[in-house]
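What follows is one structure encoded as structure tokens, with my remarks underneath.
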Amino acid sequence: MTLLQADALTVRLGDALLVDAVSLELGRGELFGLIGPNGAGKSSLLRALAQLLPHQGHTRIDGSALDTLSPAARARRIAYLAQGDHTAWPLTVRDFVALGRMPHGREDAGGRAAVDAALAHMHLEAFAARRIDGLSGGERARTRLARALAVEAPLLLADEPVAALDPYHQLSVMELLRRQCALGRSIVVVLHDLTLASRFCDRVLLMHQGRAVACGAPRQVLTPAHLQQVYQVQAMHGEHDSEPYVLPWRCQPAAHA
Ligand SMILES: Nc1ncnc2c1ncn2[C@@H]1O[C@H](COP(=O)(O)OP(=O)(O)OP(=O)(O)O)[C@@H](O)[C@H]1O
């Protein structure tokens, strides 16, 4: 069943076309990867989906047009994790994660349990009383993801949630996202790691220069031809434990005529 439907989303900033008529449909319980090289338009598309960037096109969630929902109603349906690290405030980890409950208002019966669960998911229980401006980059990244998880929204839009994480936490976050989807949540995740995208995502959308190049099962999208065309790399493709991996191996710039 469809949770999110976006039709012909287009983002322009001045003369620049950042996202060019990209459409996507997201099923309930689906883990959907957004991939593509630097500057492809992934973050711009995610911000347009979150209604955080002026754009053309339409997005519906559960059949309701997103732009007709109040900001609070929208924030309860969509949790958004921005790319990068903008968390320099002197808050404790617990208080920062609790910001994710703001859309639920004052009578938030499930708030404490949601914050506890988010801290546990990100292995942050021992950090709860620490100030976020005293954490390492990866610890802060886990705290930011915990805030987004604490919303307990049916849709999570996560922009490079594993970029700053060590291998254990990268895998643990991807496994967690899969479990969240098994519970019925839907997730759009921006990834640069093609093996994580291959192994964990149900479908991926490959973007290049603002456009959707291919969308479908990772095996169908992460083909040698697409990797050459879009990333200008050759990769090793293989299987381990019956799961696919894609290891970028060598730069292969397009041949110029
Ligand atoms: N304010 C702006 N004005 C003009 N161009 C912009 C602006 N913000 C972003 N861009 C351009 O839009 C394009 C898409 O940026 P976007 O951040 O969506 O890419 P991305 O796919 O998320 O890249 P990355 O993998 O590097 O995070 C880039 O070429 C970027 O330089």
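One-based numbering, in listed order, for ligands and for the atoms of each.
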Which atoms from ligand 1 have a heavy atom of [X] less than 4.0 Å away?
X      : result
His192 : 25 (O)
Pro37  : 21 (O)
Glu160 : 25 (O), 27 (O)

Any idea which heavy atoms bring [X] and [Y] closest together, and the distance?
X      : Y      : answer
Val11  : Pro54  : CG1-O, 4.0 Å
Ala6   : Thr59  : CB-OG1, 4.0 Å
Tyr80  : Arg47  : OH-CG, 3.1 Å
Ser198 : Pro244 : O-CG, 3.8 Å

Are the side chain of [X] and the backbone N or O of [Y] linked by a donor-acceptor pair below 3.5 Å?
X      : Y      : result
Glu152 : Leu149 : no
Arg144 : Gly84  : yes
Arg130 : Val93  : no

Open item on the list: Is the contact between Gln83 and ligand 1 made by the side chain, the backbone, both, or neither, using heavy atoms and a 4.0 Å cut-off?
Closed with: side chain
- [ ] Could you name the option among Leu13, Val11, Asn38, Leu17 that has the heavy atom nearest to atom 24 (P) of ligand 1?
- [x] Asn38
Task: Option set Ser44, Gly84, Ala40, criterion heavy-atom distance to atom 18 (O) of ligand 1, minimum - done: Ser44
TODO: For residues His226 and His208, establish whether the separation of their ring centroids is below 6.0 Å.
DONE: no
Could you tell me the residue and atom name of the protein heavy atom closest to [atom], and the distance to it rounded to 0.1 Å?
atom                    : answer
atom 14 (C) of ligand 1 : Gly39 O, 3.4 Å
atom 17 (O) of ligand 1 : Ser43 CB, 3.7 Å
atom 21 (O) of ligand 1 : Lys42 NZ, 2.7 Å
atom 10 (N) of ligand 1 : Leu18 CD2, 3.8 Å

Task: Sub-4.0 Å heavy-atom approach of Gly41 to ligand 1 - done: yes
Open item on the list: Tell me whether atom 30 (C) of ligand 1 lies less than 4.0 Å from at least one protein heavy-atom position.
Closed with: no
